[in-house]
Amino acid sequence: MNDLEAWHRSCCYLSMMHQTRFTLLFVLLVLCSPFAGCGIDTNPFPGSSDDSSAPVAGAENASGDGANEQANETSDPDSTTDSGDMGTCDTAPDESNDQGREPYSIFHANQRQIVVGEVESVNPNGLVQLFNAEGTELIQTSSASDGSFALESDASLPESIRVQSSNDSDADIAIQVGLTDATTAAYESSLALNQAWSESDSSGDAGFSDDSGLSLETAGNTLELRGATGTFLPGLTVVLANLSQSMAMASQVNIDGSFSTWVEAESGDTIAIFTVEHGSSNGGGTPLIIQAP
């Protein structure tokens with residue numbers, strides 16, 4: 001029995017020693033595991049170069065105020081870039097040479113077939129030539145002594161023309177003119193002019209109807225057109241052109257709807273009358289074409 005008990009005790013001792021060694025080995029592996037990287041905290045210290053979310057010196061210039069400043073510099077309307085002259089004063093149109101829709105001294109009507117320049121729109125007593133965009137002359141006339149002109153073309157003119165004026169004493173004038181369409185108000189008022197005109201009756205007289213508020217009178221070589229209070233809308237411009245003598249006059253309607261304008265004319269001269277909305281376009285609708293009394 002003693003030998004058996006001794007053998008049993010020896011086996012138990014060896015088993016305990018084996019377990020102890022296994023336990024020690026496991027503990028040793030656990031203690032060494034942090035140095036293998038399995039349990040290391042990957043959050044870096046402040047200022048670490050491994051921190052992708054940490055501020056980097058100079059980053060504010062790339063994505064913050066610096067970028068905004070760069071964008072502002074790029075979009076500055078006063079800056080000059082290689083792509084053109086935008087933002088510089090050099091490209092501003094010269095109002096004396098580029099009329100466009102202003103200063104509203106040249107008007108048109110009848111689908112761009114009648115072109116009228118009011119007083120001082122061109123050189124006086126000179127040659128007035130109209131050109132298209134390709135530089136081809138379309139039509140010409142002579143200007144009056146007051147610097148006005150009036151002409152009628154057989155065909156509709158292009159939407160953009162060049163008006164050139166010259167004489168013997170003044171510098172040549174060249175103006176680019178956009179023939180903008182008439183507004184609704186201009187169309188309606190020109191239509192009212194046509195509807196108010198009465199052809200010759202049994203007495204041989206012709207003129208505006210009594211209830212229209214319009215009157216046409218002659219005094220010597222002057223033809224005067226008048227409109228009573230409330231005739232037209234304030235702000236409209238009434239154009240009176242003598243196509244036979246190439247001269248014209250334009251007068252704005254007063255605040256009370258009245259107006260008065262005149263032009264030199266001889267009996268039998270062809271007269272064109274139409275309205276434009278001065279502040280919106282230089283176009284008129286269908287003009288009233290009559291013969292001067």
Side-chain angles (χ1 to χ4, degrees), residues 104-119 121 139 141 144 148-157 179-201 203-219 221-254 257-278 280-293:
Y104 306 103
S105 60
I106 296 178
F107 310 104
H108 71 95
N110 199 29
Q111 298 180 346
R112 303 193 302 274
Q113 288 185 256
I114 293 178
V115 179
V116 173
E118 66 172 315
V119 175
S121 62
I139 194 171
T141 188
S148 67
F149 73 91
L151 57 81
E152 184 174 14
S153 172
D154 294 333
S156 295
L157 298 172
L179 303 181
T180 56
D181 293 335
T183 61
T184 301
Y187 270 117
E188 291 179 348
S189 299
S190 293
L191 179 61
L193 282 167
N194 282 273
Q195 293 176 341
W197 183 259
S198 300
E199 296 297 337
S200 298
D201 54 21
S203 63
D205 295 331
F208 292 105
S209 58
D210 295 336
D211 59 351
S212 66
L214 296 164
S215 63
L216 191 65
E217 300 177 357
T218 59
N221 63 344
T222 299
L223 182 66
E224 183 178 11
L225 174 65
R226 291 183 180 180
T229 300
T231 301
F232 288 141
L233 291 174
L236 290 176
T237 294
V238 180
V239 180
L240 182 62
N242 187 333
L243 298 175
S244 300
Q245 298 191 35
S246 188
M247 61 177 59
M249 184 77 73
S251 299
Q252 282 192 287
V253 178
N254 299 318
S258 65
F259 68 90
S260 176
T261 186
W262 60 272
V263 69
E264 293 184 15
E266 296 178 0
S267 179
D269 285 350
T270 301
I271 306 298
I273 309 172
F274 58 94
T275 61
V276 297
E277 192 171 357
H278 211 173
S280 300
S281 75
N282 61 354
T286 302
L288 171 63
I289 307 293
I290 62 174
Q291 304 298 314

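Just so it is clear, the values below take in all heavy atoms, side chains as well, and ignore hydrogens, waters and symmetry mates. For clarity, every value in this text was computed on a predicted model and none was experimentally measured.
Here the CG-CD1 distance, from Leu157 to Ile139, works out to 7.0 Å after rounding to the nearest 0.5 Å. Taken to the nearest 0.5 Å, the CG atom of Leu151 stands 9.0 Å off from the CD1 atom of Ile114. To the nearest 0.5 Å, atom CG of residue Leu225 and atom CE of residue Met249 are 12.0 Å apart. The OG atom of Ser189 sits 13.0 Å away from atom CD1 of Ile273, with the distance rounded to the nearest 0.5 Å. With values rounded to the nearest 0.5 angstrom, Leu288 atom CG is found 5.0 Å from Asn194 atom CG. In this structure, the separation between CD on Gln245 and CD on Glu264 is 7.0 Å, given to the nearest 0.5 Å.
Closest heavy-atom contact between Gly285 and Ala182: N-CB, 3.9 Å. A pairwise comparison of heavy atoms in Leu223 and Leu240 identifies O-CD2, 3.8 Å as the closest pair. Scanning both residues, Gly284 and Phe274, for their nearest heavy atoms gives CA-CD1, 4.0 Å. Pairing each heavy atom of Thr141 with each of Ala150, the nearest pair is OG1-O, 4.1 Å. The two atoms that bring Ala248 and Val119 nearest to each other are O-CG2, 3.9 Å, heavy atoms only. When all heavy atoms are compared, the tightest approach of Ser251 to Ser260 is OG-O, 3.3 Å.
Taking the side chain as every heavy atom from C-beta outward, Leu214 and Phe259 approach each other to under 4.5 Å. Counting heavy atoms from C-beta on, the side chains of Leu233 and Val253 never come closer than 4.5 Å.
In this view, Asn110 satisfies the side-chain hydrogen bond (donor to acceptor under 3.5 Å, both in side chains) rule with no residue, not counting sequence neighbours. Residues forming a side-chain hydrogen bond (donor to acceptor under 3.5 Å, both in side chains) with Ser209 (at least two apart in sequence, or on another chain): Asp211. For Thr237, the side-chain hydrogen bond (donor to acceptor under 3.5 Å, both in side chains) criterion is met by His278, not counting sequence neighbours. Residues that satisfy the side-chain hydrogen bond (donor to acceptor under 3.5 Å, both in side chains) test with Gln195, not counting sequence neighbours, are absent from this structure. With sequence neighbours left out, Glu224 forms a salt bridge (Lys or Arg N to Asp or Glu O under 4.0 Å) with Arg226. Here Phe208 pairs with Trp197 under the ring pair (Phe, Tyr, Trp, His ring centres under 6.0 Å) rule; sequence neighbours left out.
No side-chain N or O of Thr183 forms a donor-acceptor pair with one of Ser280 less than 3.5 Å apart.
Checked by atom type and distance alone, the side chain of Ser190 never pairs as donor or acceptor with a backbone atom of Pro287 at under 3.5 Å. Side-chain atoms of Gln113 come within 3.5 Å of backbone N or O of Asp154 as a donor-acceptor pair. Judged purely by atom type and a 3.5 angstrom limit, Asn242 has no side-chain atom pairing as donor or acceptor with the backbone of Asp269. Remark: side-chain polar atoms of His108 are paired, donor with acceptor, to backbone N or O of Thr180 under 3.5 angstrom. Between the side chain of Ser281 and the main chain of Asp181, a donor-acceptor pair closer than 3.5 Å is present. A donor-acceptor pair under 3.5 Å links the side-chain atoms of Ser244 to the main chain of Thr270, judged by distance alone.
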From CA spacing to verdict: side-chain contact (heavy atoms from CB on, under 4.5 Å), Ser148, Glu118: CA-CA 5 Å; Ser148 67; Glu118 66 172 315; 5.6 Å; no
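Crowding of Gln111 atom CD: a count of heavy atoms from other residues, nucleotides or ligands under 6.0 Å not exceeding 12.
Checking Thr286, Thr231, Ile290, Thr275 one by one against Leu193, the side-chain contact (heavy atoms from CB on, under 4.5 Å) holds for a single residue, Thr275.
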